[in-house]
Protein chains: 2
Amino acid sequence: MARAATTSDAFNAIAEPRRREILVLLRGSERPVTDLARDLGMTQPQASKHLRVLREVGLVRVRESGKQRLYGLDARGLRPVHEWVGGFERFWSESFGRLDEYVQELKQTRQEEPDDDDDQ
Amino acid sequence: MARAATTSDAFNAIAEPRRREILVLLRGSERPVTDLARDLGMTQPQASKHLRVLREVGLVRVRESGKQRLYGLDARGLRPVHEWVGGFERFWSESFGRLDEYVQELKQTRQEEPDDDDDQ
DNA sequence: TTGACGCATTCCGATATAGGCATATGATGG
DNA sequence: CCATCATATGCCTATATCGGAATGCGTCAA
């Protein structure tokens, strides 16, 4: 088995840096493919392919406008991602950067004051 | 070129569902590989491999404890992800489901009151 | 030492991605 | 109808993933 399809998930879709760039650009306004390609310094086929992925996961919509096709952001699919990652917020807050020292402190405190306590 | 390495990014690392499951489990407490494997219904080598990826991107730490190796969460790497996705929050709030109607409204308003405005 | 346990690593195969390049498709204007 | 602009698709290669199964390796106990 290979890696899960990029189109299987918002998680997988946004794993690609270029696709993330596209989404950021689309935050500003609807845009045709050529525009995006130029602004991001990639070829038009590249942009088209990435947009296809984004469309398949529903992060992007297309709207025909005469000769052009305007791509627009549909960020709703990002919400589950935000929520999932948000579930870890308390783990990077709480001065988590110095967890090791914190553990050391705890140990010392225990030795000084032999209260009985259980960790959860 | 192939897809970016799973170890290149937190974005890429958490694209894998099983790895996400692992991270969720580790929110509870440190755990040895076998535990995780059993609880998630995967083989031990599978779990080990996923943990390796998570370790390489710094989302997980290992601590030797006698015969065992305890894996623990280090969620700091998820913060950038949360922030990036958070940048889209206003796009899924604001009754985004009816964006089209909203755009229509804007157009009409413009015609009624020809203020000069520029979008950025 | 031998064995058992906990875990990591290796080899295998199937899959599909991303980029590059060429080309097909589609609508528009003479 | 033809040329042109805007976009999508097809083909190709290199690469790396994930799963499965087997095995390597280090630690601990007898």
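Contacts of A/R3 classified as salt bridge (charged side-chain N to carboxylate O under 4.0 Å, His left out), with partners at least two apart in sequence or in another chain: none. Remark: A/S8 pairs with A/N12 by the side chain to side chain donor-acceptor pair (under 3.5 Å) rule, at least two apart or across chains. Partners of A/E30 by salt bridge (charged side-chain N to carboxylate O under 4.0 Å, His left out), not counting sequence neighbours, listed by chain and number: A/R63. With sequence neighbours excluded, the residues that form a salt bridge (charged side-chain N to carboxylate O under 4.0 Å, His left out) with B/D39 are B/R31. By the salt bridge (charged side-chain N to carboxylate O under 4.0 Å, His left out) test, A/R27 pairs with no residue at all, sequence neighbours left out. By the side-chain contact (heavy atoms from CB on, under 4.5 Å) test, B/E83 pairs with B/R79, sequence neighbours left out.
Here D/dG26 presents its P atom at 18 Å from CD of B/Q68, a figure rounded to the nearest Å. One atom, CZ of B/R38, and another, C1' of C/dC5, lie 15 Å apart when rounded to the nearest Å. If you measure from atom CG of B/L51 to atom C1' of D/dG19, you get 16 Å, rounded to the nearest angstrom. Rounded to an integer number of Å, the gap from CZ of B/R52 to P of D/dT17 is 10 Å. Rounded to whole Å, atom P of D/dC11 lies 22 Å from atom CE of B/M1. If you take CG of A/L36 and P of D/dA8, they are 10 Å apart, rounded to a whole angstrom. For the pair B/M42 CE and D/dG19 P, the computed distance is 8 Å after rounding to whole Å.
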Give each protein N/O atom lying under 3.5 Å from an N/O atom of nucleotides 20-28 of chain C, with the pair distance.
{"unit_1": "C/dG20", "atom_1": "OP2", "unit_2": "A/Q46", "atom_2": "NE2", "d": "2.1"}
{"unit_1": "C/dG20", "atom_1": "O6", "unit_2": "A/K49", "atom_2": "NZ", "d": "2.6"}

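Contacts with DNA chain C (heavy atom under 4.0 Å) in residues 3-24 of chain B: B/R3, listed by number.
Within the 4.0 Å cut-off from OP1 or OP2 of D/dA8, at least one side-chain nitrogen or oxygen of A/R69 is found. Taking side-chain N and O atoms only, A/H50 has a distance below 4.0 Å to OP1 or OP2 of C/dG19. Phosphate proximity of D/dA6 to A/Y71: absent, as no side-chain N or O sits under 4.0 Å from OP1 or OP2.
When hydrophobic clusters are built by joining Ile, Leu, Val, Met, Phe, Trp and Tyr residues whose side-chain heavy atoms come closer than 4.5 Å, directly or via intermediates, B/V81 is grouped together with A/I14.
Partner of B/P32 under the side-chain contact (heavy atoms from CB on, under 4.5 Å) criterion, out of B/Q68, B/R38, B/K67: B/Q68 alone.
Counting only residues at least two apart or in different chains, ring pair (Phe, Tyr, Trp, His ring centres under 6.0 Å) contacts with residues 61-83 of chain B comprise A/H82-B/H82, A/W92-B/H82.
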